[in-house]
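Chain A is the first sequence line, chain B the second, and so forth, proteins listed ahead of strands; every chain is numbered from 1.
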2 protein chains.
Amino acid sequence: MTTERGASPLGRGRRPTIKDVAQAAGVSRSTVSRALTGRGYAADDVRERVQRAAAELGYVPDVMARTLKQQVSRSIGVIVSDLRNPFYADLAAGAGAEARSRGYTMVLADTGLSADAENEAAEAFVALRVAGVVVTPNSPKVSTYLGSHGIPVIEVDRQFAPGVTDGVVVGNRVGARDATTHLVSLGHRRIALFIDETNWTTGYERYQGYSEALAMGGATVEPELVVSSGWDVADSRRRALDMLRLPDRPTAVFAANNVLAEGVWRAIAELGLRVPADVSLVAFDDAPWMSMVSPTVTAVAQDTMGLGAAAVRRLHERLETPDGESLTTVLAVRLVTRGSTGPCPDGARGTG
Amino acid sequence: MTTERGASPLGRGRRPTIKDVAQAAGVSRSTVSRALTGRGYAADDVRERVQRAAAELGYVPDVMARTLKQQVSRSIGVIVSDLRNPFYADLAAGAGAEARSRGYTMVLADTGLSADAENEAAEAFVALRVAGVVVTPNSPKVSTYLGSHGIPVIEVDRQFAPGVTDGVVVGNRVGARDATTHLVSLGHRRIALFIDETNWTTGYERYQGYSEALAMGGATVEPELVVSSGWDVADSRRRALDMLRLPDRPTAVFAANNVLAEGVWRAIAELGLRVPADVSLVAFDDAPWMSMVSPTVTAVAQDTMGLGAAAVRRLHERLETPDGESLTTVLAVRLVTRGSTGPCPDGARGTG
DNA sequence: AACCGATATGGCATCGTTCCCACACGGGTC
DNA sequence: GACCCGTGTGGGAACGATGCCATATCGGTT
């Protein structure tokens with residue numbers, strides 16, 4: 001015997017139901033329901049007796065039965081791409097806290113970068129009859145699928161269906177432009193961009209911001225300086241090693257997310273390059289390590305927990321107003337200037 | 001209109017039920033159930049027809065109804081202390097992946113270091129009738145409560161009820177001993193210990209390991225070098241600043257978790273101390289930043305995702321064998337030697 | 001011709017909760 | 001005394017899926 005069961009005078013392993021409470025309190029099931037939920041009449045003494053009986057038995061209403069009857073659940077699904085990435089972990093933490101404060105239970109699915117997992121999670125959420133879903137989508141499929149089942153979806157961080165599905169994103173374009181402009185104003189012209197892709201809103205907008213800043217600085221995008229890397233540190237590191245070994249290497253790198261930044265940072269360290277004397281680095285998304293390494297890394301900080309919280313808030317509103325206009329919320333970002341960005345080395349000036 | 005509803009020929013917002021499928025396929029509900037679940041007879045042509053009808057309607061069985069009828073759910077609850085801490089995030093990721101591979105849905109609760117949230121989560125899990133719960137407990141209450149409701153619990157990382165509840169932990173004692181012995185063998189004798197507490201299994205065991213290693217090296221625990229810090233970076237940093245400013249400061253610090261290590265690390269950097277020339281640092285739990293800062297930080301690495309996965313595996317076994325002996329699984333750790341540990345400075349030798 | 005087993009399907013009670021409806025009581029009004 | 005109201009309670013039908021049991025058909029056996 002390991003776990004003690006049934007502290008109550010019921011059969012072993014049987015959980016008390018509303019019927020048990022009714023019997024113990026000497027009333028009907030209906031009365032117990034009214035007394036405990038507070039909906040409908042119940043005399044004070046009866047209410048009290050029922051509550052005591054419920055507490056004594058350790059009665060907890062069965063959410064399954066309740067949801068089945070009421071046809072609305074108080075749980076929301078959250079799908080993130082990779083919990084091990086602090087960005088998604090923070091986002092989930094923010095969503096979880098907000099959900100809790102609004103009385104929702106969060107069901108979290110970590111797809112671990114697998115498309116299958118994303119679809120499976122969506123189906124599981126339909127099966128669970130969640131009230132709504134918050135997702136950092138990797139394809140338009142999830143939103144379409146859930147939408148066709150009448151489940152409200154909030155796309156967060158990236159958005160595949162603006163205008164149709166609600167979204168919560170950050171100022172990607174502005175953030176990327178500020179970051180790049182910062183480098184331009186330090187004299188850099190050959191600025192590499194490490195980015196995961198340029199098709200989704202996020203990547204596209206960050207690319208746009210980068211491009212605009214270059215244009216404003218009188219430079220243009222050089223295709224060989226734009227690296228579309230895979231979604232992991234190893235690949236980013238490899239690509240960065242290749243690029244930084246070139247004789248005419250860029251004088252600065254803008255890494256469009258924390259994973260890519262880590263790869264670039266590791267490559268720089270391996271090559272023994274000095275930061276920012278040899279090369280400047282700026283990242284989009286301020287991961288914890290960026291303020292711990294030396295030099296510290298200049299980054300576009302986003303309120304990641306706020307992003308998750310805002311998504312849940314939006315979902316809550318959507319549930320209250322199912323037919324309202326769909327809305328995209330844009331959260332502000334801010335450039336945190338640190339040690340990794342400095343003036344363009346004299347030798348490289350004017351060559352770009 | 002934002003979300004499209006009811007691609008199927010049903011009423012707006014109505015989700016197809018088994019009855020709709022039965023009607024569409026021209027069979028009874030029982031037959032649909034058998035055809036889709038594969039339990040019981042169903043002629044090949046009928047099975048096919050039913051499956052086609054289900055697919056066409058986008059039918060997804062209602063987990064609520066199924067669970068209500070079967071009285072066993074396929075979801076497990078996971079309670080972690082702080083998703084923003086990479087340790088818990090990795091643990092949750094490991095648990096989630098393992099759960100998914102075994103066909104469970106994970107319901108995650110992040111207590112954010114609040115005791116209330118822990119109890120609320122436990123109650124929510126009872127209400128949800130989860131099959132079992134994996135928890136990094138902060139008090140014995142959760143396990144007792146869930147146990148009294150007949151819900152199997154796996155305590156992970158720390159264990160309040162060994163012998164009663166299953167547990168999955170790491171070799172805290174050995175890890176702490178190895179870490180401390182490493183410092184001792186480098187000549188250190190005045191070794192500070194930063195630890196969150198010394199009462200739970202985790203803290204107690206790490207303290208024991210530290211103490212044993214000192215004894216083996218011919219030194220003893222000096223109470224003023226043992227700091228029981230709060231569970232956040234700021235506090236740890238403050239306490240480290242105080243200690244490292246002392247004239248007879250320790251020559252090495254063993255930080256018993258990644259949060260405390262971060263505080264100590266920041267304090268060291270602020271004071272401009274050289275690592276490891278002035279002070280050596282070793283941490284329990286190898287967080288990502290430890291291999292990125294310079295010098296890199298020597299740490300006791302634990303397989304955090306493995307910890308989460310092992311907990312879910314153990315829970316699965318427990319569900320199959322409810323009355324088996326309760327078991328505590330101990331996972332191995334290994335000391336990763338890096339740049340933050342070096343010989344004890346000559347001046348300090350022999351003063352401890 | 002009666003019977004059997006195998007194959008295949010439908011009827012129906014059930015899980016725990018909610019909530020509509022019916023009903024019962026006491027007291028006030030006409 | 002018939003009525004209606006307000007207050008309080010219980011009966012019972014749902015919600016959607018499952019799975020036991022009854023039933024039906026058919027080929028083969030006794």
Side-chain angles (χ1 to χ4, degrees), chain A residues 8 10-11 13-50 53-54 57-74 126-131 149-150, chain B residues 8 10-11 13-51 53-54 57-75 126-131 149-150:
Chain A
S8 58
L10 292 167
R14 250 210 64 206
R15 283 195 258 266
T17 74
I18 200 171
K19 208 171 167 182
D20 299 314
V21 179
Q23 226 150 35
V27 294
S28 73
R29 297 183 333 242
S30 313
T31 305
V32 173
S33 177
R34 281 193 308 264
L36 295 182
T37 61
R39 280 185 287 268
Y41 287 116
D44 286 350
D45 59 325
V46 171
R47 182 185 306 275
E48 207 175 316
R49 210 172 46 200
V50 168
L57 290 172
Y59 170 70
V60 179
D62 187 322
V63 168
M64 303 288 166
R66 172 176 291 172
T67 303
L68 178 61
K69 172 65 185 162
Q70 301 194 141
Q71 298 287 72
V72 280
S73 92
R74 286 297 281 180
V126 172
L128 279 174
R129 302 296 190 257
V130 295
H149 277 271
Chain B
S8 58
L10 291 169
R14 249 210 65 206
R15 283 194 257 269
T17 74
I18 199 170
K19 208 170 166 182
D20 299 315
V21 179
Q23 229 149 31
V27 293
S28 74
R29 295 182 332 230
S30 315
T31 304
V32 173
S33 176
R34 282 192 310 262
L36 294 181
T37 62
R39 280 186 287 268
Y41 288 116
D44 287 349
D45 59 325
V46 172
R47 180 184 307 274
E48 207 174 317
R49 207 171 51 203
V50 169
Q51 281 169 344
L57 291 172
Y59 169 70
V60 179
D62 187 322
V63 168
M64 302 288 166
R66 174 178 289 172
T67 303
L68 178 60
K69 171 65 183 159
Q70 299 192 144
Q71 296 289 55
V72 280
S73 92
R74 285 297 280 180
S75 58
V126 171
L128 279 174
R129 302 295 190 256
V130 295
H149 279 271

Give the rounded distance in Å between these two atoms: [atom1] of [X] and [atom2] of [N].
{"X": "A:L68", "N": "C:dT17", "atom1": "CG", "atom2": "C1'", "answer": "8 Å"}
{"X": "A:Q23", "N": "C:dG16", "atom1": "CD", "atom2": "C1'", "answer": "14 Å"}
{"X": "A:L36", "N": "C:dT18", "atom1": "CG", "atom2": "P", "answer": "8 Å"}
{"X": "B:K19", "N": "D:dC15", "atom1": "NZ", "atom2": "P", "answer": "7 Å"}
{"X": "B:R47", "N": "C:dA8", "atom1": "CZ", "atom2": "P", "answer": "10 Å"}
{"X": "B:R39", "N": "C:dA8", "atom1": "CZ", "atom2": "C1'", "answer": "18 Å"}
{"X": "B:I18", "N": "D:dG19", "atom1": "CD1", "atom2": "C1'", "answer": "11 Å"}
{"X": "A:D62", "N": "C:dC15", "atom1": "CG", "atom2": "C1'", "answer": "9 Å"}

Exercise. Should we count CG of A:D44 as having more than 12 external heavy atoms under 6.0 Å?
Worked result: no

For this session: Pick base, sugar-phosphate or nothing for B:T67, based on heavy-atom distances below 4.0 Å to the nucleic acid.
Result: nothing

Exercise. Distance check: side-chain N/O of B:Q71 vs OP1/OP2 of C:dG16, anything under 4.0 Å?
Worked result: yes

For this session: Go through A:S30 and A:S33 one step at a time and tell me if the side-chain hydrogen bond (donor to acceptor under 3.5 Å, both in side chains) criterion holds.
Result: CA-CA 5 Å; A:S30 313; A:S33 177; over 6 Å; no

May I ask you to decide if [Y]'s main-chain N or O and [X]'s side chain share a donor-acceptor pair within less than 3.5 Å?
{"X": "B:R34", "Y": "B:Y41", "value": "yes"}
{"X": "B:R49", "Y": "B:A25", "value": "yes"}
{"X": "A:R47", "Y": "A:A35", "value": "yes"}
{"X": "A:T67", "Y": "A:V63", "value": "yes"}
{"X": "B:S75", "Y": "B:V130", "value": "no"}

Exercise. Nearest to the side chain of B:Q70, which nucleotide is it out of D:dA17, C:dT18, D:dG19?
Worked result: D:dG19

Exercise. When you measure from the side chain of A:R66, which nucleotide among C:dT18, C:dC15, D:dG16 comes out closest?
Worked result: C:dT18

Scan nucleotides 22-27 of chain D against the protein and return all N/O pairs shorter than 3.5 Å with their distances rounded to 0.1 Å.
none

Exercise. If we only count heavy atoms from C-beta on, is the B:Y59 to B:D20 side-chain gap below 4.5 Å?
Worked result: no

Anything under 3.5 Å between a protein N or O and an N or O of nucleotides 7-13 of chain D, put it in a table, one pair a line.
| unit_1 | atom_1 | unit_2 | atom_2 | d |
| --- | --- | --- | --- | --- |
| D:dT9 | OP2 | A:A43 | N | 2.9 |
| D:dG10 | OP2 | A:S28 | N | 2.9 |
| D:dG10 | OP2 | A:S28 | OG | 3.1 |
| D:dG10 | OP2 | A:T31 | OG1 | 2.5 |
| D:dG10 | O6 | A:R34 | NH1 | 3.4 |
| D:dG11 | N7 | A:S30 | OG | 3.2 |
| D:dG11 | O6 | A:S30 | OG | 2.9 |
| D:dG12 | O6 | A:S30 | OG | 3.1 |
| D:dA13 | N6 | A:R29 | NH2 | 3.3 |

For this session: Tell me, with the steps shown, if B:T17 and B:D62 meet side-chain contact (heavy atoms from CB on, under 4.5 Å).
Result: CA-CA 8 Å; B:T17 74; B:D62 187 322; over 6 Å; no

